[in-house]
Every structure is written in structure tokens, then in C-alpha cells.
Amino acid sequence: RKEVEQDPGPFNVPEGATVAFNCTYSNSASQSFFWYRQDCRKEPKLLMSVYSSGNEDGRFTAQLNRASQYISLLIRDSKLSDSATYLCVVFGGYQKVTFGIGTKLQVIP
Amino acid sequence: DGGITQSPKYLFRKEGQNVTLSCEQNLNHDAMYWYRQDPGQGLRLIYYSQIVNDFQKGDIAEGYSVSREKKESFPLTVTSAQKNPTAFYLCASSIDSGAPTAGYTFGSGTRLTVV
């Protein structure tokens with residue numbers, strides 16, 4: 001089993017739709033979790049941290065399920081500008097960070 | 001504004017040539033990292049440094065070298081020993097090393113191509 005697994009997609013959704021991505025991780029001792037957004041041929045940029053209590057930033061909601069060892073990202077009312085690849089990042093301990101391969105989202109007019 | 005600057009944006013390397021990628025940060029971050037990104041793969045760690053004059057190998061250090069003579073600078077040299085260097089190279093920094101609680105800040109990357 002890979003340390004961090006993501007469905008690479010692409011997820012093609014119409015504007016205004018709600019879309020959710022999951023990311024599973026294998027190390028139960030993982031400490032910190034993040035979602036990054038990466039546009040084509042650009043660097044990853046931090047989208048949001050993920051907490052057990054869940055956190056929301058506008059149209060974006062991230063949640064952590066430690067029992068099932070996955071994190072999720074929900075995007076409501078999708079915009080064309082949301083089209084990007086979303087990377088899951090898991091910090092498993094001292095200097096142990098693993099990036100998922102990313103899930104590609106394409107929002108269609 | 002604070003940030004990480006990588007240069008050059010594009011770099012072409014001939015067979016058998018060493019090339020150096022620059023990474024400078026003015027965020028006053030202690031830890032700096034070099035990652036490589038290939039299509040269809042997650043970012044892979046090449047080297048990291050938690051403090052000046054100290055650095056550690058990551059998962060794919062073979063064929064690469066680094067230095068950390070200043071807190072702000074962490075250049076990466078891709079040597080001729082790296083047989084498949086064509087990739088997108090990303091430099092990152094974090095305010096704390098170990099288990100960064102605030103995530104990483106990335107530079108804009110250098111796209112290296114072997115010609």
C-alpha cells in the first residue's frame with residue numbers, strides 16, 4: 001500500500017457543482033495534513049490545513065478522519081478558476097513528509 | 001514581500017555537464033528543501049537542510065549535491081552522475097523543521113531539460 005494515495009482523476013465537473021476528493025494515508029502516526037493546489041507548470045501553493053475538527057474556508061471544506069486514515073477536500077459551487085491539481089500532503093513525523101500524486105480537477109463551463 | 005526565489009526558470013543541460021539551480025528565501029525560515037517532480041509522480045525529496053552548514057540526503061539524493069553556507073540560500077547542483085535529470089525542481093522552506101505545522105512555502109520552480 002502506498003503511503004499516500006489519491007485518485008489522479010481527472011474529475012470533470014460543471015460550473016456550480018460540488019466535488020469532493022479523498023486522500024488515504026497508511027501511517028497512523030501521521031501528525032499534520034495539508035491540501036495544496038498546483039496549477040499547470042506552476043509550484044504548489046498551500047490551500048488549507050486539515051484538522052480533526054474540520055475546517056472551512058469559503059467554498060472549501062477539509063476534514064480528517066483518523067479512524068479510517070483519510071482526509072477529504074470538498075469544493076462547493078465550483079468555479080472555472082478552481083481547475084487545478086490538488087495535492088494531499090501528509091507529515092508523518094520528524095522530516096517524514098509524503099506528497100500524493102495529486103487529483104486533477106477540470107471545471108467545465 | 002517575503003518569499004522564495006528560484007532561478008533560472010528554465011535550464012538546459014548538455015550530457016556530462018554539471019548545472020546549479022539557485023534558491024534564495026527571505027522568510028527567515030530555518031529549514032529548506034529540494035524536491036523533484038516528474039509527471040504522474042508525487043514530489044520526491046532530494047536534500048534538506050535544517051540549519052546552516054548542515055544538510056541531509058532525501059530519498060533520491062544520488063547524482064545531486066547541495067550546500068547551505070547562508071540561511072537564505074540553498075543551491076542544488078545536478079551533476080553528470082544524475083542519469084535522468086529532466087524534471088521540474090522545486091525548492092521549499094518551512095518555519096520549523098521536523099514536522100512543519102505550517103506547511104511549506106515553495107519557489108516557482110526550475111524546469112530542467114537535458115539536450
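Bear in mind the structure is a predicted one, so any value in this text is a computation, not a measurement. In what follows, chains carry the letters A, B, and so on, assigned in the order in which the sequence lines appear, proteins first and then strands, with residues in each chain numbered from 1.
- Grouping the Ile, Leu, Val, Met, Phe, Trp and Tyr side chains by contacts below 4.5 angstrom, directly or via other members, places Tyr70(A) apart from Leu73(A).
- At a threshold of 4.5 Å between non-hydrogen side-chain atoms, the residues Tyr104(B) and Phe34(A) do not count as touching.
- Within the 4.5 angstrom heavy-atom criterion, atoms from both the backbone and the side chain of Phe106(B) approach chain A.
- Cluster annotation: Trp34(B) is connected to Leu11(B) through the hydrophobic network of ILVMFWY side chains, with a link wherever side-chain heavy atoms come within less than 4.5 Å.
- The shortest heavy-atom contact between Tyr35(B) and Val97(A) is OH-CG1, 3.0 Å.
- Contact annotation for Arg44(B): neither backbone nor side-chain heavy atoms come within less than 4.5 Å of a heavy atom of chain A.
- The greatest number of non-hydrogen atom pairs below 4.5 Å with chain A, out of Gly58(B), Gly40(B), Ala92(B), Gly107(B), is found for Gly107(B).
- Taking CG of Asp38(B) as the reference point, atom CD1 of Ile101(A) lies at 12.5 Å (rounded to 0.5 Å).
- Leu45(B) is connected to Phe91(A) through a chain of hydrophobic side-chain contacts under 4.5 Å among Ile, Leu, Val, Met, Phe, Trp and Tyr, so both are in one cluster.
- Contact annotation for Gln37(B): only side-chain heavy atoms (C-beta onward) come within less than 4.5 Å of a heavy atom of chain A.
- Neither the backbone nor the side chain of Phe33(A) comes within less than 4.5 Å of any heavy atom in chain B.
- Heavy atoms of Leu90(B) lying under 4.5 Å from chain A belong exclusively to its side chain.
- Residues Trp35(A) and Val107(A) share a single hydrophobic cluster, defined by chaining ILVMFWY side chains whose heavy atoms lie under 4.5 Å apart.
- Under the 4.5 Å side-chain heavy-atom criterion for Ile, Leu, Val, Met, Phe, Trp and Tyr, Tyr48(B) and Leu76(B) are members of distinct hydrophobic clusters.
- The stretch residues 38-48 of chain A places Gln38(A), Arg41(A), Lys42(A), Glu43(A), Pro44(A), Leu46(A) near chain B, each with some heavy atom under 4.5 Å from a heavy atom of that chain.
- Within residues 75-88 of chain A, the residues approaching chain B closer than 4.5 Å by heavy atoms are, in numerical order, Leu87(A).
- More than 12 heavy atoms of other residues, nucleotides or ligands shown are found within 6.0 angstrom of CD1 on Ile108(A).
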